[in-house]
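Below: one structure, written as structure tokens.
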Amino acid sequence: MKKISLLLLFALFLSLVVVGVSSADTFDQVLQRWTKSLKHVDEDGGNLEVRATYYSAEFIEALVQKEAKDNLWTQQEADDYKYKFLSTLRLEEMIPIQVEFINNGPTMHMGPFDIMVKLRIGSKTYKPADYDRRLNFKFQGKKEGLIFFPRYDEKTGRDLLKDVKSVRLEFAPAISPLLEGREISFIWDVARDDPNKLYQGTTAARIETDRLLKRLEKLRKDKAEEEAKLAAINDEIATIQARLDELATQ
């Protein structure tokens, strides 16, 4: 019986090792699909490498699962991490892309950064709605940060990625003297990306609760403003009516 138990434990250990390797391989494959990079080297040996990772639903889920396994988290801990991570990424309104620059050449001056990068969706381009302000400062060596592009049209509310097959991130040549007028761009296939897949179970409930609380706060603020306007109108009506009553008695 003892020998059989040891064999079972050994078999279980082997299965866990295989699962761990498989999970790591899966994450690496997902990372490779959603991370693009380009390295430019000039004739003097100066070089610039740019990497960009599109935060797709597949990549985010794989990253959360990897963190959970690496840190031996419970399901509750994994759910908490996922909730905080999604809240930071603001997927319900933004398209987040992580960028990294490794500059082994002349000092780079990318500020203001929002005029140095754009996201092309279909025939239109969009400036960042927000970004890591550290990208504004001059540097050599390594610098990274998140860029947030709008997910919905500001005027119509239309989902910018609906029925879109691919998006392209474009950097202006002015980000570095090394580029000598060359533009850097990366393309991702986003046709099958669906952020809604991330919002399930307790995470979905917590995210929706946050969204509804924010909406309720806005509605209450709007209500207070409208009530103030109505009160001002009523006061003016009362003032005008009082004056009319005075004129009527003269």
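Counting begins at 1 with the first residue of the sequence. Treat the numbers as computed from the prediction; the structure is a model and nothing was measured.
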Nearest atoms (heavy-atom pairs only) where [X] meets [Y]:
X	Y	result
S87	D210	OG-OD2, 4.4 Å
K36	I187	CE-O, 3.1 Å
Q140	G105	NE2-O, 2.8 Å
V30	A62	CG1-CB, 4.0 Å
Y131	P128	CD2-CB, 4.3 Å
I175	F101	CD1-CE2, 4.2 Å

query = Within the distance-only criterion (no hydrogens, no angle test), does the side chain of E93 pair as donor or acceptor with the backbone N or O of R90 below 3.5 angstrom?
reply =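 Checked: no pair found.
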task = Please check if the side chain of N47 supplies one atom and the backbone of E49 the other of a donor-acceptor pair under 3.5 Å.
result =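 Checking the backbone N and O of E49 against the side chain of N47, no donor-acceptor pair under 3.5 Å is found.
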inquiry  = side chain to side chain contact (heavy atoms under 4.5 Å, CB included) for I102 and K39? Distances and angles first, verdict last.
reply    = CA-CA 9 Å; I102 303 174; K39 187 172 185 179; over 6 Å; no
Is the shortest side-chain heavy-atom distance between [X] and [Y] below 4.5 Å?
X	Y	result
L178	P106	yes
M116	L135	no
Q98	L89	no
E170	S185	yes

Check the hydrophobic clustering (I, L, V, M, F, W, Y; side-chain heavy atoms under 4.5 Å; chains of links allowed) and say if [X] and [Y] are grouped together.
X	Y	value
F137	V50	no
I95	V164	yes
L48	L38	yes
V117	I115	yes
L161	L198	yes

inquiry  = One pair to check against side chain to side chain contact (heavy atoms under 4.5 Å, CB included): M110 and F139. What are the steps and the verdict?
reply    = CA-CA 9 Å; M110 301 193 299; F139 73 99; 3.6 Å; yes
ask   = Which word best sums up how the rings of W188 and Y54 line up, parallel for under 30°, tilted for 30 to 60°, or perpendicular for over 60°?
value =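 Rings of W188 and Y54: tilted, 30 to 60°.
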query = Would you call the rings of F171 and F186 parallel, tilted or perpendicular if under 30° counts as parallel and over 60° as perpendicular?
reply =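 It falls in the perpendicular class, over 60°.
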Rounded to the nearest 0.5 Å, how far apart are [atom1] of [X] and [atom2] of [Y]?
X	Y	atom1	atom2	answer
L244	I237	CG	CD1	11.5 Å
L146	E144	CG	CD	9.0 Å
F59	F27	CZ	CZ	5.0 Å
L91	L86	CG	CG	6.0 Å
F113	I147	CZ	CD1	4.0 Å
N196	D193	CG	CG	10.0 Å

Going by an N to O cut-off under 4.0 Å, is there a salt bridge joining [X] and [Y]?
X	Y	value
E61	K197	no
E226	K223	no
R215	D222	no

If we count only N and O atoms by modelled type, under 3.5 Å, do the side chains of [X] and [Y] hold a donor and an acceptor together?
X	Y	result
N71	Y81	no
W34	E58	yes
Q75	D79	yes

Return yes when atom [atom1] of [X] has more than 12 non-hydrogen atoms of other residues, nucleotides or ligands closer than 6.0 Å, and no otherwise.
X	atom1	value
E154	CD	no
R134	CZ	no
E217	CD	no

query = Hey, mind stepping through H40 and L179 against side chain to side chain contact (heavy atoms under 4.5 Å, CB included) and telling me if it holds?
reply = CA-CA 7 Å; H40 178 78; L179 297 180; 4.3 Å; yes
inquiry  = For a side-chain hydrogen bond (donor to acceptor under 3.5 Å, both in side chains) check, start with the C-alpha distance between Q241 and D245, then their side-chain angles and the critical distance, and finish with the verdict.
reply    = CA-CA 6 Å; Q241 187 61 55; D245 291 342; 3.1 Å; yes
ask   = So is R151 actually on top of F149's ring, under 6.0 Å and inside 45° of the axis?
value =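 No, cation not above the ring by the 6.0 Å, 45° rule.
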inquiry  = Go through it in stages, so that I can follow the logic: the residues are R243 and E246, the test is side chain to side chain contact (heavy atoms under 4.5 Å, CB included), and I'd like the CA-CA distance, side-chain angles, deciding distance and then a yes or no.
reply    = CA-CA 5 Å; R243 180 56 180 160; E246 289 177 5; 3.0 Å; yes
